[in-house]
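The block underneath contains the structure these notes are about, expressed in structure tokens.
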Amino acid sequence: REAMAKDDACPLVQGSTFTAASGKFFALAQEYYPEPEEITEEFTCPVVGARQGDLIEVLAIHNDWAYGRRFKLRDGLNAEGVFRLEWVRGMKLMMDGGSRKPVEMDICSCDYGFKEPKTNDATCKLQAKRYRKRMDEAAALWDKLEAAAVSDHGRLEAAATKTAALLEKDDIVEQARRKHDEEKRKAILAEVQRRRAEAEFAKKEAAAEADRARAMEEKLAKQRALAEEEARQKLREEEEQRFALEEQARREVESAEASAAKAAAERKRLAEEEARRFAQEELAAELAKRRAATAELHAAKAVQRRRQFVKPQTCEISISARCWEADMPMSRELVSSDVSSGGVDSNSDSSPKGRSAQKKTARKFRRPSGELEDVTGEWVKVQEEMATTSSDLNSLEEKVNSLLEAQDWEPIGPP
């Protein structure tokens, strides 16, 4: 194609076709150009190898055959050989818009105008003869193979008829087989669909059964949970009732223990009060005995002393020791007033019993002045001793009361 694109020195007319500047003729392989593997082994003549669209330089043409070479060499393809004109189309150049363009045409047409190169060279003549011989051999061999193919055509046609009958019979058998297979396939498909429907139904039934079993299991689980909850509630109520009974029993026991403790405390208190009262009585008795003994002792001493200083005829004083004991419950103010006044009249005691006792004592001790002074002196001594003894008794009573208070006992009073 590059060669056909070259310029030549000839003037070009718009719309006319012309050959390449080198004067060579070219052809373009068509889609029905045979491949190398499509050429049978019986056709021994070399055929130029080409594929659709390959450019072939045409060297010679004779009848339906031509001899040429490939414009571009390619490995695996014959670079030079014969080919039939029906396999290619001619290629020439044409002016279009001031530029050359390749155009295809029938290689056998007058427009193509193939002309063999004219030369007087012996080599070129021998080469042209060789081209012609190759084309003749190819045509003869092609005709022979074509005649053999035509002779074989009858046999092939009979065989084809027989084969057609067999094929028709086979076709009928095949159609019957296909029909049988189709029916069998439809039966199998129907069976598959039926089994699938049964499987779906069984699956749905199984799912429904599983749902029913699950619902039943859930119902049983709820019933078990409810029963367990009721059992727990009942057990809880029994526990609460037992706890309440235990609490009530504990409270009763605590109440009984408290009552027993209270009774024991009451008994203890009563026993303590009884012991305290008994001790108070003993202490009071002991104190009374001591006071009585002290009073008798002082009365005896006073009588003895009066007897020593008073004459028998003048010492008839109607005083006995019981008067001193009877005068003991008098208040300390009376004793102190007697001591301060020396046994004579005193207005310091506001008690009527004390004033009457003082008057009685004053009347009993009205004696002559000398004797009265002696008796008064003795009386003062006795009164001082009694005051001292009374103070000692008071101190003893305070100690005893402090001990009783330390033991939480009631203090004792005067007898």
Side-chain angles (χ1 to χ4, degrees), residues 225-301 320-339 348-357 383-415:
L226 184 60
E228 291 176 358
E229 183 65 24
E230 290 178 354
R232 286 196 296 269
Q233 184 68 21
K234 186 176 180 181
L235 183 61
R236 193 180 301 113
E237 291 176 357
E238 291 178 355
E239 288 291 333
E240 291 178 356
Q241 187 176 3
R242 185 176 59 82
F243 180 75
L245 292 176
E246 290 179 355
E247 185 68 18
Q248 184 178 0
R250 186 180 62 80
R251 289 179 181 177
E252 290 178 357
V253 170
E254 289 180 356
S255 178
E257 290 178 354
S259 300
K262 186 176 181 181
E266 185 67 21
R267 289 194 298 271
K268 183 177 179 181
R269 187 182 65 78
L270 293 175
E272 290 177 355
E273 290 181 356
E274 185 67 22
R276 190 184 300 115
R277 186 178 60 79
F278 182 72
Q280 288 178 356
E281 290 178 356
E282 288 185 351
L283 288 175
E286 184 67 24
L287 186 59
K289 287 181 181 180
R290 290 186 179 181
R291 287 181 177 178
T294 303
E296 289 179 356
L297 178 61
H298 286 295
K301 286 183 178 181
S320 64
R322 299 296 178 185
C323 295
W324 297 99
E325 186 178 356
D327 292 336
M328 284 299 295
M330 294 182 181
S331 62
R332 293 182 180 88
E333 289 82 5
L334 178 60
V335 175
S336 60
S337 64
D338 288 341
V339 172
S348 63
D349 194 353
S350 60
S351 173
K353 186 176 180 180
R355 287 194 299 269
S356 62
Q383 292 293 333
E384 291 177 355
E385 290 179 359
M386 290 177 65
T388 304
T389 304
S390 177
S391 177
D392 294 339
L393 291 174
N394 291 332
S395 299
L396 178 61
E397 184 178 357
E398 290 177 359
K399 290 181 180 181
V400 172
N401 288 332
S402 63
L403 291 175
L404 293 176
E405 289 178 357
Q407 296 294 330
D408 293 334
W409 288 0
E410 294 181 0
I412 61 174

Which pairs with one or both residues in residues 258-268 pass salt bridge (charged side-chain N to carboxylate O under 4.0 Å, His left out), sequence neighbours excluded?
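Pairs touching residues 258-268 that pass the test: Glu266-Arg269.
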With respect to Lys234, which candidate in Glu230, Arg236, Glu238 satisfies the side-chain contact (heavy atoms from CB on, under 4.5 Å) definition?
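Exactly one candidate clears the test, Glu238.
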Spatial distance of atom CD (Glu254) from atom CD (Gln248) [nearest 0.5 Å]:
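Glu254 atom CD to Gln248 atom CD measures 12.5 Å (nearest 0.5 Å).
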From Arg242 atom CZ to Glu239 atom CD, the distance as rounded to the nearest 0.5 Å
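Going from the CZ atom of Arg242 to the CD atom of Glu239 covers 4.0 Å.
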Qualifying residues under side chain to side chain contact (heavy atoms under 4.5 Å, CB included), relative to Gln241, sequence neighbours excluded
Leu245
Hey, is the main chain of Arg251 close enough, under 3.5 Å, to the side chain of Ser255 for a donor-acceptor pair?
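Not a single qualifying donor-acceptor pair exists.
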Taking side-chain hydrogen bond (donor to acceptor under 3.5 Å, both in side chains) as the test, write out the residues that go with Glu229, two or more places apart.
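Arg232.
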